[in-house]
Amino acid sequence: MPELPEVETVRRGMEAAMRGRPIAGVTVRRADLRRALPVDFAARVTGRVVRGIRRRAKYLLLDLDDGTVLIIHLGMSGRISIVPADAAAAEGAHGKHEHVVFAVGNGTEVRFSDPRRFGLMALTTRDEEDGHPLFARLGPEPLDPAFDGAALAARLAGKRTPIKAALLDQRVVAGLGNIYVCESLFMSGISPRRLARTVQGERADRLAKAIHQVLEAAIEAGGSSLRDHAAPSGELGYFQHHFKVYDREGAACPHLGCSGTVKRLVQSGRSTFFCPTCQR
DNA sequence: CGTACACCCTGGCCGC
DNA sequence: TGCGGCCAGGGTGTAC
């Protein structure tokens, strides 16, 4: 589920709940996520104060006061919910898929649930973070000011794979997933089947700009969902967002003056949605 | 090296 | 109501 904008929204919500507060307790119900949690996971995290929370690609990084960095990835179905102290105290049973629960100093609970268990948690340190295997091969952050058409074109140079597959590769750009790749290609008028190495020059400029706009708009939508998330569940990162082509097979192309229809095709095992008329 | 594909896991939905 | 098949917003290991 979560791509860069959703992870960013989760980051903001978690930071509001945890920053400057100690992790008073950790309950691990299932340690067998995509990777097994370290055996001493709870011991290494308990009692530490959360100094801040960063995001790298689709990873959340919690900076703890002793230099430990708690890495969280939500996978496909991972969710974080913030449960206020009174609600946490009133509730008895926990959800079937709530694998890890952090009790924050003020009684708030931060709960990680993940039915498919493609998510993960890991521990590293500030000093060792840069060389960490999870981050070593990640491409540039698409919202970094240095990410422009030229930077993107350089990453795509020589690639014989379709642009759709190239953009899903986290070594090319870090943080895009199936939805926002489809949306960015639509906005820039580029066919998902076009070979990556042919996206150069002005075309790469358009694509880089579209990626930026699509992500920023989604983060903005997530931000507003955060502001009115008096939602009882306290669940972060899921907000109503309107997609132009994603999951809209058969709909009329939303581009003014285009009489095309949104089509679905499968590329490297994943659905692609696009308008064959205005994406070339 | 780059690319293609199976696989990890569970749940929801659709058609029969 | 039950059941099989297919789908799902991610990432990695392995085979060419």
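Here is the naming used below: chain letters follow the sequence lines, and residue numbers restart at 1 for every chain. Source: prediction; values computed, not measured.
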Q: Using a cut-off of strictly less than 4.0 Å, decide whether A/H97 has a side-chain nitrogen or oxygen near OP1 or OP2 of B/dC9.
A: no
Q | Spatial distance of atom CG (A/D247) from atom CZ (A/R264) [nearest 0.5 Å] | A | 9.5 Å
Q) To the side chain of A/S271, which of C/dG10, B/dG11, C/dA8 is closest? A) C/dA8
Q) Side-chain N or O of A/Y246 less than 4.0 angstrom from OP1 or OP2 on C/dG9? A) yes
Q.
What is the distance, to the nearest angstrom, from the CZ atom on A/R270 to the P atom on C/dT12?
A. 13 Å
Q. Under 4.0 angstrom, heavy atoms only, what part of the nucleic acid is A/G177 near: base, sugar-phosphate, or nothing?
A. sugar-phosphate
Q: Between C/dG9 and B/dT3, how far apart are the P atoms? Round to whole Å, please.
A: 22 Å
Q: Let me know the distance between CG of A/L138 and P of C/dT12, rounded to the nearest Å.
A: 8 Å
Q: Starting from P on B/dC9, measure out to CG on A/L120 and report it in whole angstrom.
A: 15 Å
(Q) Please list all pairs meeting side chain to side chain donor-acceptor pair (under 3.5 Å) that have one or both residues in residues 184-195 of chain A, counting only residues at least two apart or in different chains. (A) A/R194-A/T198
Q. Stacking check: are the rings of A/F118 and C/dG11 less than 5.5 Å apart at their centres and under 30 degrees in tilt?
A. no
Q. In what stems does DNA chain B take part, counting only runs of at least 3 consecutive Watson-Crick or G-U pairs whose two distances fall under 3.5 Å?
A. B:2-8 with C:10-16, B:10-16 with C:2-8
Q) So does A/T161 get a side-chain nitrogen or oxygen closer than 4.0 Å to the phosphate oxygens (OP1/OP2) of B/dA4? A) yes
Q) Which of the following nucleotides, B/dT3, C/dG9, C/dG10, is nearest to the side chain of A/K159? A) B/dT3
Q: Round to a whole Å and report the spacing from CZ of A/R117 to C1' of C/dA8.
A: 17 Å
Q: Report yes or no: does A/E141 contribute a side-chain atom to a donor-acceptor pair with the main-chain N or O of A/A57 at less than 3.5 Å?
A: yes
Q.
Please pick, from C/dA8, B/dG11, C/dG9, the nucleotide with the shortest atom-to-atom distance to any side-chain atom of A/P115.
A. B/dG11
Q: Supply the atom-to-atom distance A/I71 CD1 to A/L60 CG, rounded to the nearest 0.5 angstrom.
A: 10.5 Å
(Q) In the structure I gave you, are the side-chain heavy atoms of A/E109 and A/F102 within less than 4.5 Å of one another anywhere? (A) no
Q: Write down the distance between CZ (A/R171) and C1' (C/dG13), rounded to a whole number of angstrom.
A: 12 Å
**Q.** Nearest listed nucleotide, side chain of A/R116, among B/dT10, C/dG9, B/dT3
**A.** B/dT10
Q | Candidates C/dA8, B/dT3, C/dT12 - which lies nearest the side chain of A/R264 | A | C/dA8
Q. Quick one: does A/E8's side chain have a donor or acceptor within less than 3.5 Å of a partner on A/R55's backbone?
A. no
Q: May I ask you to verify if any side-chain N or O of A/K58 is less than 4.0 angstrom from the OP1 or OP2 atom of C/dG9?
A: no
Q: Assign each of A/R34 and A/G158 to its nearest nucleotide of DNA chain B by heavy atoms, then name whichever residue's nucleotide is nearer the 5' end.
A: A/G158
Q.
Just to be sure I understand the rule, does A/S268 reach a base, reach only the sugar-phosphate, or reach nothing, if contact means heavy atoms closer than 4.0 Å?
A. nothing
Q | Position toward the 5' end of DNA chain C (nearest nucleotide), A/P133 or A/F273 | A | A/F273
Q: Nearest whole angstrom, please: distance from the P of C/dA8 to the CZ of A/F243.
A: 14 Å
Q. Roughly, in whole Å, what's the span from CG in A/L168 to C1' in B/dA4?
A. 14 Å
Q: For residues A/F186 and A/F274, establish whether the separation of their ring centroids is below 6.0 Å.
A: no
Q | Residue A/Y59, side-chain heavy atoms: nucleotide from C/dT12, C/dA8, B/dG11 that is nearest | A | C/dT12
Q.
Can you tell me if A/H73 touches the phosphate of C/dG10, counting only side-chain N or O atoms and a distance under 4.0 Å to OP1 or OP2?
A. no
Q: Please determine if a side-chain N or O atom of A/Q170 lies less than 4.0 Å away from the OP1 or OP2 oxygen of C/dG11.
A: yes
Q) Looking at SG of A/C182 and CG of A/L168, how far apart are the two atoms once the value is rounded to the nearest 0.5 Å? A) 8.0 Å
Q | Within one Ile-Leu-Val-Met-Phe-Trp-Tyr cluster: A/V101 and A/L37, side-chain cutoff 4.5 Å | A | no
Q: For A/L74 and B/dC8, give me the distance from atom CG to atom P, rounded to whole Å.
A: 22 Å
